[in-house]
Student: 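Supplied in structure tokens, the structure appears directly below.
To find a chain, count down the sequence lines: A is the first, B the second, and so on, and within it residues start at 1. The structure presented is a predicted model; accordingly, all values stated were derived computationally and were not measured.
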Protein chains: 2
Amino acid sequence: MKYEEAKDKFISTWGVLGSSWGINKAMAQIHALLWISPEALSMEDIMEELQISRGNTSMNVRQLIDWGIVYKETKAGDRKEYFASEKNVQELARQVAKERSKREIKPVIRILKEVSSIKEDEESEKTKELIKQTKALYELTNSMDKMLDKVVNQEKNWMTKVLMKFIS
Amino acid sequence: MKYEEAKDKFISTWGVLGSSWGINKAMAQIHALLWISPEALSMEDIMEELQISRGNTSMNVRQLIDWGIVYKETKAGDRKEYFASEKNVQELARQVAKERSKREIKPVIRILKEVSSIKEDEESEKTKELIKQTKALYELTNSMDKMLDKVVNQEKNWMTKVLMKFIS
DNA sequence: TTAAACTTTCAATAATTATTGAAAGTTTAA
DNA sequence: TTAAACTTTCAATAATTATTGAAAGTTTAA
């Protein structure tokens, strides 16, 4: 496999993976492109490489910056903005874990807690089951989120160490 | 909060969570409904509760069965099929981990491995970076997948134990 | 067997989500 | 200041994904 082929395959695969985990394809592909690019790329560069519009590029680059996995760079004597990916894989995982926990898991935990602690005068079968099952889900989700928090607050290489322990 | 309100809140929240992780809303909501239901429900019951069509119900119930987290049940002297959720939270996590690993992670790992092991005569900066970065991603994804495999092959309560160790 | 009671399939359509591109906004060099 | 070089916004549109519902298929009781 040649460089160009490998690059295209990686970018496209990353886009597909993103989609199946609820991440916009363009966002995932821009990330992939920057991830393997030795230097920062301009808006034009990204548009050109991925064949997407200026607006699309602008919005998705901003989202990546919001997620904390892409940075703006400037070049002396150049008015364009350039974008570079966070290159450390631990830090990438850390940021993604952090954002997904904050945006999606924590709100669900709040609801699960709320729903699993209803009190009804007449304790019907249905109510008991609701409480029991949502409580179980609350506990699982909570444990997984605490694990994500650990990843988020990791010191460098923490995750590798733990994962190693995990899989050994 | 009353039972009905709690139920609706749970079902709707589970649907939203599903969507943001790439799982069809109807599928997530049917799962939520069965998860908290003390008895198995018929197609009609599900259609009625969630206000969705017969076709939609049929397809998504089948998917849940494919995922191994919903079972068919029959009642003596009744021609309808009834559907019941796997009720054990560990087993639910186990099955979801298994399916997502198989369907989404493992194929990506294969591509990452392939892409990260290209060889080019002329080793340009770009090629080096591609290899380095996709290799790092390969290793991370692989570790996470091995972790999922552990969850998948867990004995009962294995996960709880490990998660406890993790978060303590 | 047959016909009633169910489930599944799938083309049409609706709903949602992503993308475009032009206009508006911003920044900076001169 | 101004105007060129950029970026962002957002309404319109395209693409994708989910849903419907009627027709076809299947199962079972009689």
Student: Taking atom P of C/dA18 as reference, at what distance in whole Å does atom CG of A/Leu50 sit?
Tutor: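 Rounded to whole Å, this separation is 16 Å.
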
Student: What is the separation between atom CD on A/Gln51 and atom C1' on C/dG21, rounded to the nearest whole Å?
Tutor: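 Nearest whole value for this atom pair: 15 Å.
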
Student: Can a side chain N or O of A/Asn56 be found less than 4.0 Å away from OP1 or OP2 on C/dA18?
Tutor: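 Checking A/Asn56 against C/dA18: no side-chain N or O falls below 4.0 Å of OP1 or OP2.
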
Student: Any donor and acceptor pair, going by atom type alone, linking the side chain of B/Thr134 with main-chain N or O of B/Leu130 inside 3.5 Å?
Tutor: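 Checking the backbone N and O of B/Leu130 against the side chain of B/Thr134, a donor-acceptor pair under 3.5 Å is found.
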
Student: Looking at C/dA29, does its base get a donor-acceptor pair with the side chain of A/Arg79 below 3.5 Å?
Tutor: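 Per atom types, no contact qualifies.
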
Student: Nearest whole Å is fine: how far is D/dT19 P from B/Asn60 CG?
Tutor: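 Rounding to the nearest Å, CG of B/Asn60 and P of D/dT19 are 7 Å apart.
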
Student: Identify the nucleotide, in any strand shown, that forms a Watson-Crick or G-U wobble pair with D/dA5, with both distances under 3.5 Å; if there is none, say none.
Tutor: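 Base partner found: C/dT26.
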
Student: Report yes or no: does A/Ser37 contribute a side-chain atom to a donor-acceptor pair with the main-chain N or O of A/Leu33 at less than 3.5 Å?
Tutor: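 No, because the side chain of A/Ser37 does not come within donor-acceptor range (under 3.5 Å) of the backbone of A/Leu33.
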
Student: Would you kindly compare A/Asp78 and B/Asn24 by the position of their nearest DNA chain D nucleotide and give the one closer to the 5′ end?
Tutor: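 The answer here is A/Asp78.
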
Student: Where the side chain of A/Asp45 meets the backbone of A/Ser42, is there a donor-acceptor pair that is under 3.5 Å apart?
Tutor: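 Checked: pair present.
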
Student: Please tell me which of the listed nucleotides, D/dC10, D/dT7, C/dT8, lies nearest to the side chain of A/Met59?
Tutor: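 Of the candidates, D/dC10 comes closest.
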
Student: Which nucleotide, in any strand shown, forms a Watson-Crick or G-U wobble pair with D/dC10, with both distances under 3.5 Å?
Tutor: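 Paired with D/dC10, as far as the under-3.5 Å criterion goes, is C/dG21.
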
Student: How long is the line joining CE of B/Met47 and P of D/dA22, in whole Å?
Tutor: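 Roughly 11 Å, once rounded to whole Å.
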
Student: Whether B/Arg62 contacts C/dT7 is assessed here as follows: a side-chain N or O lying under 4.0 Å from the phosphate OP1 or OP2. Is that the case?
Tutor: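 No, B/Arg62 has no side-chain N/O under 4.0 Å of OP1/OP2 on C/dT7.
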
Student: Measure from the side-chain N and O atoms of B/Lys87 to the backbone N and O of B/Trp35, and report whether any donor-acceptor pair falls under 3.5 Å.
Tutor: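 Side chain of B/Lys87 to backbone of B/Trp35: a pair is present.
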
Student: Quick one: on DNA chain D, does A/Lys25 or A/Lys80 contact a more 5' nucleotide (nearest heavy atom)?
Tutor: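 Closest to the 5' end, via its nearest nucleotide, is A/Lys80.
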
Student: Measure CG/A/Asp66 against C1'/D/dT8 and give the value in whole Å, please.
Tutor: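 One finds 13 Å between C1' of D/dT8 and CG of A/Asp66, rounded.
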
Student: Rounded to the nearest angstrom, tell me the gap between atom NZ in B/Lys75 and atom P in D/dT28.
Tutor: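 Result: 17 Å.
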
Student: What's the CD1-P distance between A/Ile52 and D/dT13, to the nearest Å?
Tutor: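 Result: 21 Å.
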
Student: Rounding to a whole Å, what distance do you find between A/Glu44:CD and C/dG21:P?
Tutor: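 It works out to 14 Å between those atoms.
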
Student: Salt-bridge test for A/Lys102 and A/Glu99: reply yes if a basic N is under 4.0 Å from a carboxylate O, no otherwise.
Tutor: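 A/Glu99 and A/Lys102: salt-bridged.
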
Student: Pairing check on D/dA15: which nucleotide meets the Watson-Crick or G-U wobble criteria with it, both distances under 3.5 Å?
Tutor: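 Matched D/dA15 with C/dT16 under the 3.5 Å cut-off.
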
